[in-house]
Asker: 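Below you'll find the structure I mean.
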Amino acid sequence: MKAISKLIFAWWSAFSIFAATAAAPQKPNIVIILADDLGFGDTGCYGATKISTPNIDRLGQQGLLFTDAHATSATCTPSRYALLTGQYPWRKDGTGILPGNAALIIDPQHATLPSILKTAGYRTGIVGKWHLGLGGAGGPDWNGEIKPGPLEIGFDYAFIQPATSDRVPCVYIENHRVVGLDPKDPIQVSYGKPIGNEPTGKNHPELLKLGLSLGHAGTIIDGISRIGFMTGGHAARWKDEDKADVLTAKAIDFIGQNTNRPFFLEFAAHDPHVPRVPAPRFVGKSGCGVRGDVIVEFDWCVGQILSALEKLNLSSNTLVILSSDNGPVLDDGYDDRAVEDLNGHMPAGPLRGGKYFVYEGGTRVPFIVSWPGRVSPGVSDALVSLVDFSASFAALTGQKIPAGEAPDSVNVLPALLGETKTGREKLVEHDGFRTLAFRDGLWKYIEPDLRPRPGYARFGELYDLSLDLGETNNLNSAQPDRSKKLSGELKSEELPGRATGQKMNFE
Ligand code: CA
């Protein structure tokens, strides 16, 4: 009898310890490394053979590689909006690609991914690309305190570029101030009429070190003309060749300052978005032209961050996620020979489309979860989205999301940790403008585009991704009942609200 009691007690004790361990919130450091326009097929661990990405591959080998992970949208601003808010961006007007002088589009009253983690005791930081607007109505005061911005929505520290690398103003902002600004040379920015008397790409193409293919005809900064017009702030302007070094150093500084408390870092890299201007040591290193070279540069950034974590003995207690804000694009407005020098490389791998498209290549992105000792290496086909970070990390850190906040974020933590291969059942995909698609498992329905663009079908599209990952065989006519069902489910997803539509805004 005694022996049986002993056995049961041992079993109960073991179970209790297990239960206690499972229930207690865990607070690993969380580092999200978010590339800009990196495609599903752009890295070695996702099948690239022409571009060498040893650091990302190392992360892939030690981590869990997702094959069906998605950005919410196929362009930057809406995708990043969703990542931070847990809300599908197409529910809210004004979340399309923003000009560089737009006001902040995230309401500081709402819970965000960084505010949730801050409440959980994390020190929160963002380094790199922002592109979510700054300042109140009317936009930012570049020469004064620039707020609201990252610090007002939950970040303790921010070192950012305001928008994209191809939009003015081409300056860094640390917390509330432009870095290195000379008050005697104030910054003015315009996205309407030209401002100042500096040459533009339109009027002085002979001054450009990088030619144009579409748009980007505004002020020439550092030999490259941008979208929009800018004057002043000469001492504060970035050098494109230095950006990877500057941003990586700031990210590593942030990590080094927070070794004795949990921290959350979003490292929002600028590569491989245009203009593609690698540091000289990466020029010609990929064999696939300048777009390949800036992917090699991005891989170097990843390696530096992983090394910093290792040197500080933080690797085993740090959850690293590497992903991208949307799919790949080749010619994105500069004549940088991205198409001509491709050398057989396939940026989207086997997927159709890329940036700006609702096909899988637009939103299905590389996605690696690494947490040595906690997440077993492997491959997962669980359906997950960047919009799920809020609910998943709230679950990880024992936080409750206030009612009504992060409404589209699903807790997929068990999938992220590799405990299950089941993620979401359903997902809305978005081209970043106005077209939505609905995923139910491996079936995908794309709504008809009312103003069809090249490559889109007018009457809706239906694909069986289990047989047709490349979305080549439209089954909409052959299976009208299934299309109707999925279309109805998409409509019901839209019920909590859909914005009136994003206009095309490449400028
Ligand atoms: Ca992007």
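In each ligand, atom 1 is the first atom listed, and ligand 1 is the first ligand listed.
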Asker: With the Ca ion (ligand 1) at the center, what angle do OD1 from Asp37 and OD1 from Asp36 span, rounded to 10 degrees?
Answerer: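 If I round to 10°, I get 90°.
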Asker: Of all N, O or S atoms in Asp325, which has the smallest distance to the Ca ion (ligand 1)?
Answerer: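 Nearest N/O/S atom: OD2.
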Asker: Decide, counting backbone as well as side-chain atoms, whether Thr75 has an N, O or S atom less than 3.0 Å from the Ca ion (ligand 1).
Answerer: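 Of the N, O and S atoms in Thr75, none lies under 3.0 Å from the Ca ion (ligand 1), which means no.
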Asker: One thing to verify: whether Glu493 and Lys426 come together as a salt bridge, which I'm taking to mean a side-chain N less than 4.0 angstrom from a carboxylate O.
Answerer: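 No, no charged N to carboxylate O under 4.0 Å.
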Asker: Answer yes or no: is there an ion pair linking Asp293 with Arg276, defined by an N-O contact shorter than 4.0 Å?
Answerer: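 Not counted as a salt bridge, because no side-chain N and carboxylate O are separated by less than 4.0 Å.
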Asker: Output yes when Asp240 and Lys209 qualify as a salt bridge under the 4.0 Å nitrogen-oxygen rule, no when they do not.
Answerer: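 Answer for the salt bridge query: no.
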Asker: Leu442 and Asp68: side chain to side chain contact (heavy atoms under 4.5 Å, CB included), yes or no, with the steps?
Answerer: CA-CA 10 Å; Leu442 289 168; Asp68 201 1; 4.2 Å; yes
Asker: What is the OD1(Asn326)-the Ca ion (ligand 1)-SG(Cys76) angle, to the nearest 10 degrees?
Answerer: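 Value returned, to the nearest 10°, is 100°.
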